Amino acid sequence: MPGKVTLVGAGPGDPGLLTCKGREALAAADAVVFDRLVSPAVLSLIPAAARRIDVGKSASNHPVPQDAINRILLEEAQAGRNVVRLKGGDPFVFGRGGEELEFLFQNGVEFEEIPGVTSAVAAAAYGGIPVTHRDYSSSLHIITGHARAGGELSLDFQAMVRLGGTLVFLMGVAAMPAITKGLLDAGMDAGTPAAIVENGTMAFQRRCSATLGTLCAGAEKMDIRSPAVLVVGGVCALAEKLCWFERLPLHGKRILVTRPRERSGTLAGKLRALGADVVEYPCIETVPIVPCPSLEDLKDYEWLAFTSAAGVEAFWDCLERMGKDARALGGVKLAAIGPGTSAALKACGLTPDLVPDIYDAAHLGSALAEVADGKILLLRAEEGSSALTDALAKAGRAFRDTAVYRTVCCNSLSPELRDALEAGRFDYVTFTSASTVKGFSAAVGADADFSKITGLCIGEQTAAQARHYGIPVQVAERAAIDALVEMAVKVR
Ligand code: SAH
């Protein structure tokens, strides 16, 4: 059966601006053919099993020619694949989407189009510029600043000035001097508000606000580059009041989030929502240790104690593999070190009976020592902290320390990421356990210079591990993800 091509607008960069329908199409794709302007955050949504075809640049760094792209689409569809053709912004706004669909029509390939959020509107909006406003402008004009086949810009500036609406130029960075001159020569007031928004909707967005007369000098001073939208009109003056995105507390901060491969990106999501530019780096993997003989007779214990969500998941995994379920726990009481571990227990339908006031191993140990009479089973990582066992031993409590999982380093760091780290281009690296610190330093390499990064650590043990590798640290007030996020905002 022949396949089908779905042309999908990826939006301007923020992955939250991909439409629901676009996201569904992407999830169902067998092959994804994408352009240079599709953001890495959107590309990360491509299913692992799908073919990824980058037509944004070829080996020589030039874009793949349009007829070669057309041929790829045709071949992929004829091979019976469900093809998503992913384009930045909206595919029909200076995206050659129409040309590609005409070609597919001529070749009898079935197709569909899912519009996207265009940068012409969204980059302006994230820069605090509403493209229309009753007090300033009653029309919006989206214009290309790209001269076809290397020729001169042939734009009717007189008509643009007469219309009096908001002018948005795409692909206009190189032609900015010609555009501003054209408008001035056609009689537009040099004091007309104007702005340029670079990398709109992305955490590293920059905006240059000026007037028509001063825009070129301002953009040059800031070294504004493509992709950027150039906006001319009275609405640009509103940016000073409305630039909500740039006011987010972590706007402009670059954060590397190290985490176990299988953990969901809640920390990354929270940091992104506050405006940070987040790169996720899964540097360790947790591997359950099976079989686990200690789980044979759980009813012998008064308490089970967990020190991480990974420990809860490994325990549950073992139990299931042994053909057991929650009933094997009988009336055993459950202790969790903190909120993340509690949440993992709750996901298994279990509520912890004890969570210490301070979320660390020593406080879990002393809290347990206070309430326990019978035997305690500790279910945690290999090489767990001795703070827990010391506290129990000191109080004379009977316990068994069982390793239910181990952490292994799983991912080497890309050269670009390593360079960026060493050059100090990341403001922070987050660590949520001592093992993420170990995985990270193993990946970066023992010879690396860590002095330019700041490690945001969830607790004292994690911080101690980071200091051991020479990483400057800041420690969260409580060992919880929310406290780590609060600290990221505070240290700034
Ligand atoms: N189809 C796209 C436009 C493609 S033309 C859309 O609807 O957005 C490429 C131009 O789009 C770039 O030169 C730049 O002017 C603009 N552009 C795309 N993404 C952008 C972004 N994130 N921020 C600012 N401008 C962007």
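Both ligands and their constituent atoms are indexed starting at 1 by order of listing. Worth saying up front: this structure is predicted, and the values here are computed from it rather than measured.
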Handout entry: Residues that A237 engages under side-chain contact (heavy atoms from CB on, under 4.5 Å), provided they are two or more places apart
Key = P193
Practice task
Evaluate side chain to side chain contact (heavy atoms under 4.5 Å, CB included) for V109 paired with K4, printing each intermediate quantity in order.
Solution key: CA-CA 6 Å; V109 175; K4 171 179 170 179; 6.0 Å; no
Handout entry: Aromatic ring proximity, centroids under 6.0 angstrom, F450 and F440
Key = yes
Practice task
Would you check ligand 1 and list the protein residues that come within less than 4.0 Å of it by any heavy atom, ordered by chain and number?
Solution key: P12, L37, G88, G89, D90, V93, F94, T118, S119, A123, L170, M171, V197, N199, G200, M202, S226, P227, A228, V229
Exercise for the section: Consider only side-chain N and O atoms of Y405 and D317, and report whether a donor and an acceptor are under 3.5 Å apart. Expected result: no
Exercise for the section: In sequence, state the C-alpha distance, the side-chain angles, and the governing distance for D30 and V84, and then conclude on side chain to side chain contact (heavy atoms under 4.5 Å, CB included). Expected result: CA-CA 8 Å; D30 303 317; V84 163; over 6 Å; no
Practice task
Quick one: do L212 and D189 satisfy side chain to side chain contact (heavy atoms under 4.5 Å, CB included)? Show the steps, please.
Solution key: CA-CA 8 Å; L212 185 60; D189 185 347; over 6 Å; no
